[in-house]
Amino acid sequence: MKRKILLLLVGLTVLSLCACGTPAPAGESSSQSQVSTEVSAEASQSQEPSTEESTQESSEEQVEELSLKELFAEHGIKVGTCLTPQMTSNLTVSKIITSQFNSITMENAMKPDYIFNKKESMATGDLVVEFGKDAIKMLDWAKRNEMAVRGHTLVWYSQTPNWIFYEDFDQSKKLVSRDVMLARMESYIRQVFEFLENNGYAELFYAYDVVNEAWMEDGSMRENNWSKTIGDDYLWQAFYFADKYAPETIDLYYNDYNEQFKGDTLVKFANTLVDEDGNFLIDGIGFQAHLYTQDDLNLYFQTVDKLAETGLKIQLTELDVCLGSYQHPQKATDDNLKKQGKFYYNLVNGLLERVDAGTLKMDSLTFWGVSDAASWRKEYSPLLYSVVYKPKYAYYGAMQIKEEAGF
Ligand code: GLA
């Protein structure tokens, strides 16, 4: 393992700066509650490091040069973060991203809520796709900075405007028929890939979440307007159209949370996503990996192994690890942050072992943000960098530097 470490003097002084989260009210937040991440990101991005911290940072830079992207590249894996426009315009954050990461996923800007033009849809009678300024700005940023991009996401029950499901795009009318919604879905997916290809962005993309969060933990399908209008085969149809219109170079993913409780459901589902010749319409399963330090890693790896046996790729797509458990989140004490460092170490270690052994096809792992200052779960300190952008034990855990990871 190649590491550019000249001296590891960062040590406890720096790491003590990481103990900065506030206690999380028990049971307050589900890992899937749709918190407005944009607001929290904006509010927290204004928190620039103080002069004292900046001085410390520059002396650290002289002694240490570490990079996640180099480590993961040795195993054929891209390493990513989610991205907001606030992150690209914050120098501290963008510097970390360009030096440590080589892939981005837009936190919001490519979700259905942000890419339809209602007025044009009503005028033309077809669902009109129009990417917003933020998405374009971040695609250009990705291009300039040689970042690969994960597309997120096409078909989802959440962050999707309701009007797309109604006759004449008018919610005072009825839901459209199956045929009309299928035609809208096909047109939507076709336009997304056409836009990316016609504007020179398609080659940035290596993976795209075609469907997000369709399955429940009890194995049932989540009801939503897609299933109500099209029927339960909306999932197959979405992959069929994505397979028809996406360039070959973009892998098609199903993405979900609480994946460790959905293993059998996802295996069964993946096996239905085949064409008339029995070939997969899907390339991979995205494990969102919104985890907790008290989660059972054995169960997690059992699920990874189960899905890997399908022959599909697996990516971790939104990794963050909160302190404690979902029922009992914990404070950001030094001890708890050390537990988080160990968890990240063990998680990444188990994945790399499988990749190196050839039992897991994983070409990308994405963290859902950079710093605890701007995470959607910021109260639970889930990321690799502290609120003042210092690497935490978690960072060293992900970097597989055991002696700095809280052990
Ligand atoms: C889910 C979605 C993400 C994001 C998070 C919350 O995991 O897939 O896009 O909305 O919830 O930030």
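First listed ligand is number 1; within each ligand, the first listed atom is number 1.
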**Q** Atoms of ligand 1 less than 4.0 Å from H290 heavy atoms?
**A**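 The atoms of ligand 1 under 4.0 Å from a heavy atom of H290 are 7 (O).
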**Q** Using 30° and 60° as the class limits, which term best fits the ring planes of F165 and W226: parallel, tilted or perpendicular?
**A**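 Aromatic pair F165/W226 classed perpendicular.
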**Q** Side-chain contact, heavy-atom cut-off 4.5 Å: V267 with L307?
**A**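 Touching, per the 4.5 Å side-chain cut-off.
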**Q** Under 3.5 Å, is there a donor-acceptor pair between the side chain of T88 and the main chain of P85?
**A**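 Yes, the answer is positive, given that a donor and an acceptor are paired below the 3.5 Å cut-off.
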**Q** Going by the order shown, which atoms of ligand 1 are within less than 4.0 Å of some heavy atom of Q159?
**A**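 Ligand 1 atoms under the 4.0 Å threshold to Q159: 10 (O).
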**Q** Considering the heavy atoms of W156, write down every atom of ligand 1 situated less than 4.0 Å from one of them.
**A**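 Contacts of ligand 1 toward W156, numbered from 1: 2 (C), 10 (O).
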**Q** Where does N212 meet ligand 1, judged by heavy-atom distances below 4.0 Å: at the side chain, the backbone, both, or neither?
**A**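 The side chain, only.
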**Q** Judged on heavy-atom distance to atom 4 (C) of ligand 1, which of M110, M106, H152, K111 sits nearest?
**A**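 Result: the heavy atom closest to atom 4 (C) of ligand 1 is in K111.
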**Q** Over 60° means perpendicular and under 30° means parallel, so classify the ring planes of H290 and W376, tilted if in between.
**A**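 Ring orientation, 0 to 90° scale: perpendicular.
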**Q** Please determine whether the number of non-hydrogen atoms from other residues, nucleotides or ligands lying under 6.0 Å from atom NZ of K119 exceeds 12.
**A**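 Atom NZ in K119 is not crowded, with 12 or fewer foreign heavy atoms closer than 6.0 Å.
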**Q** At less than 4.0 angstrom from any non-hydrogen atom of Q288, what atoms of ligand 1 do you find?
**A**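 In order of numbering, the contacting atoms are 1 (C), 7 (O), 8 (O).
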**Q** My understanding is that only one of L352, V304, D305 makes a side-chain contact (heavy atoms from CB on, under 4.5 Å) with L360; could you say which?
**A**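 The side-chain contact (heavy atoms from CB on, under 4.5 Å) with L360 is passed solely by V304 among L352, V304, D305.
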**Q** Could you tell me whether W368 approaches ligand 1 through its side chain, its backbone, both or neither, with non-hydrogen atoms closer than 4.0 Å?
**A**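 It is the side chain that gets close, since no backbone atom is under 4.0 Å.
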**Q** Considering E318, E213, R377 one by one, which has a heavy atom nearer to atom 5 (C) of ligand 1 than any of the others?
**A**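 Comparing heavy atoms across E318, E213, R377, the nearest one to atom 5 (C) of ligand 1 lies in E318.
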